[in-house]
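Protein chains get the first letters and strands the later ones, always in sequence-line order, with residue 1 at the start of each. From a predicted model like this one, the values you see are computed outputs, not experimental measurements.
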2 protein chains.
Amino acid sequence: MDTSRLLTELQSKANFPDADFPAFLDLFEPLTLKKKQHLYRSGEVIRHVCFVVRGCLRHYYANEEGIERIIFFAEENWWVGDIVSFLERKPTNLNLQAVEDCDLLVIDRNNFDHALKNFPGFLEYYQKGTQKTYTKLQEQVGQSLSDTAETRYLRLLKERPALLQRIPQHYIATYLGITPESLSRLRKKLACE
Amino acid sequence: MDTSRLLTELQSKANFPDADFPAFLDLFEPLTLKKKQHLYRSGEVIRHVCFVVRGCLRHYYANEEGIERIIFFAEENWWVGDIVSFLERKPTNLNLQAVEDCDLLVIDRNNFDHALKNFPGFLEYYQKGTQKTYTKLQEQVGQSLSDTAETRYLRLLKERPALLQRIPQHYIATYLGITPESLSRLRKKLACE
DNA sequence: AAAAAGCATTGACCTAGGTCAAGAAATTAC
DNA sequence: GTAATTTCTTGACCTAGGTCAATGCTTTTT
């Protein structure tokens, strides 16, 4: 597993000294997931937060009628986990499933606290990341309310073109809030234009 | 202005000693807004975060075509402000407007930092609040994608019945992501059932 | 008290996207 | 390499919600 990705990621957004990395990495456990495997499901209390070294996962709600709503796709260099469940020890409402075979680095609550306390570079990285995610979510709320499926699809195509190459189309549809059929028709329409 | 509301709010969610309150309150400035007045608009850098003592405001995006998307209504005991713009000194994309005459307590960046450092009860309150807001946003993303306008309206009616009494209906429509006409028809339909 | 502005309602009509069903392609498993 | 799943596409039809325009009902303003 290529753990150096984690260092590269930390250094791209915060000031994290090379020398700290071995001790920092020790706080994590490597974990691999097979395609379609779940890391957790709604109702569980999340004990770990993960860094994605390789692969891709989907983070989604599933309601009573079996309708799934993907809220985001985690690819390489992303963190994933329900931070609230993790910090407050409450059952999560989310589900996390590997869309491809994945390599993850997972850290539990104690080690996470320890990392925030003892690695100032990580604290900086964490705080910046939290803020960014928060803004993204806020924008997503605004957009999902008033943009058409076409607008949302074109935005995704522009912002994450590589994602569309690796994710089955019906998951993309669920993420956009439309049916697979509608996405298929939408793509056909766009191809003709 | 009834500043004791702030103390009550802090104590309802964190451990905040009465004795600390006078010094804490000193970090804020009172501010009143007339109905329809804006506290800020898209493009400005937010210098303050506000606690709502009395009144109600709407926090919204406005896109190029003049379409507005309300992401939330702040009522008494809520905090409002674009935390990312505030912390990172970046221009905000949001607009904040009073829906009624409002009494606010505003705190600037320096005082906010000071408060987090020197009042542990406030830090506790802040961290809990941030997490909660984050979860709420995540849920909102899932819901706005797949729920019908009717479902969203009924949920709002259940969760914030008092809000519907004080806010003009066309704002509620914008919050739900539908037109005022559609909301009017939806309400008519529900009244008949 | 009258005029003006802002809101809510209603009707006629339109469109994006949903639903259900059937095949075609593409993967995966044996 | 064939069978079994999954995934994607297409067609026929339906519905929630949008658009535009007209008409009252409330608040404000003067």
Side-chain angles (χ1 to χ4, degrees), chain A residues 33-38 55-56 58 60 63 65-70 73 97-102 143-157 163-193, chain B residues 33-38 55-56 58 60 63 65-70 73 97-101 142-157 163-193:
Chain A
L33 281 184
K34 283 279 167 205
K35 182 168 172 175
K36 304 237 163 168
Q37 220 177 325
H38 277 81
C56 183
R58 65 190 186 107
Y60 66 98
N63 72 9
E65 297 104 49
I67 294 173
E68 298 184 350
R69 305 175 281 200
I70 296 177
F73 293 105
Q97 184 188 35
V99 174
E100 305 170 353
D101 292 355
C102 294
Q143 290 161 0
S144 53
L145 277 178
S146 65
D147 292 351
T148 62
E150 180 172 338
T151 307
R152 294 201 298 278
Y153 177 70
L154 291 173
R155 185 184 303 119
L156 187 63
L157 194 60
L163 185 74
L164 299 187
Q165 300 305 318
R166 71 196 295 190
I167 298 274
Q169 209 169 287
H170 67 281
Y171 286 145
I172 302 287
T174 306
Y175 178 75
L176 295 172
I178 58 179
T179 58
E181 293 97 320
S182 293
L183 180 55
S184 177
R185 280 185 257 265
L186 173 57
R187 281 162 51 87
K188 189 179 173 190
K189 190 193 120 202
L190 291 171
C192 295
E193 279 174 359
Chain B
L33 281 184
K34 282 276 165 208
K35 184 171 173 173
K36 303 238 163 173
Q37 221 177 326
H38 276 82
C56 183
R58 65 189 186 108
Y60 67 99
N63 72 8
E65 298 104 48
I67 295 174
E68 296 182 352
R69 304 176 283 202
I70 295 177
F73 294 105
Q97 185 188 35
V99 174
E100 303 171 352
D101 294 354
Q143 290 161 359
S144 54
L145 277 178
S146 65
D147 293 350
T148 62
E150 179 172 336
T151 307
R152 293 201 299 279
Y153 176 73
L154 290 173
R155 186 183 302 118
L156 187 63
L157 194 60
L163 185 73
L164 299 186
Q165 301 303 320
R166 70 197 293 190
I167 298 274
Q169 210 168 287
H170 67 283
Y171 285 144
I172 302 287
T174 305
Y175 178 75
L176 295 173
I178 58 178
T179 58
E181 293 97 322
S182 292
L183 180 55
S184 176
R185 279 186 257 264
L186 173 58
R187 281 160 51 86
K188 190 178 171 190
K189 189 194 122 202
L190 292 171
C192 295
E193 279 174 0

task: With the side chain counted from C-beta on, respond yes when Y171(A) and Y60(A) share a heavy-atom pair under 4.5 Å apart, and no when they do not.
output: no
- prompt: How long is the span from the CG atom in L190(B) to the CG atom in L183(B), to the nearest 0.5 Å?
  reply: 9.0 Å
message: Looking at R58(A) and A98(A), would you say the former's side chain and the latter's main chain have a donor-acceptor pair under 3.5 Å?
response: no
query: Distance check: side-chain N/O of Q169(A) vs OP1/OP2 of dT9(D), anything under 4.0 Å?
result: yes
query: Do you see a donor-acceptor pair shorter than 3.5 Å between the side chains of R69(A) and Y175(A)?
result: no
Integer-rounded Å distance: dT7(D) P and R187(A) CZ: 15 Å
field: Between R155(A) and Q143(A), a side-chain donor and acceptor under 3.5 Å
entry: yes
- prompt: So, for T174(B) and L145(A), which heavy atoms are closest and what is the spacing to 0.1 Å?
  reply: O-CD1, 4.4 Å
field: Residues D101(A), K35(A): salt bridge by 4.0 Å N-O rule
entry: no
message: One character per nucleotide, please: for nucleotides 22-30 of chain C, 5' to 3', B when the base has a protein heavy atom closer than 4.0 Å, S when only the sugar-phosphate does, - otherwise.
response: ------S--
statement: To the nearest angstrom, the NZ-C1' distance between K189(A) and dC8(D) comes to 19 Å
- request: Let me know the distance between OH of Y153(B) and C1' of dA8(C), rounded to the nearest Å.
  value: 13 Å
field: Pairwise side-chain contact, S184(B) with T179(B), heavy-atom cut-off 4.5 Å (strictly under)
entry: no
query: Nucleotide by nucleotide, 5' to 3', does protein get under 4.0 Å of the base (B), only the sugar-phosphate (S), or neither (-) in nucleotides 11-19 of chain C, counting heavy atoms?
result: BB----SSB
- prompt: Would you say H170(A) reaches dC8(D)'s phosphate, i.e. side-chain N/O to OP1/OP2 under 4.0 Å?
  reply: yes
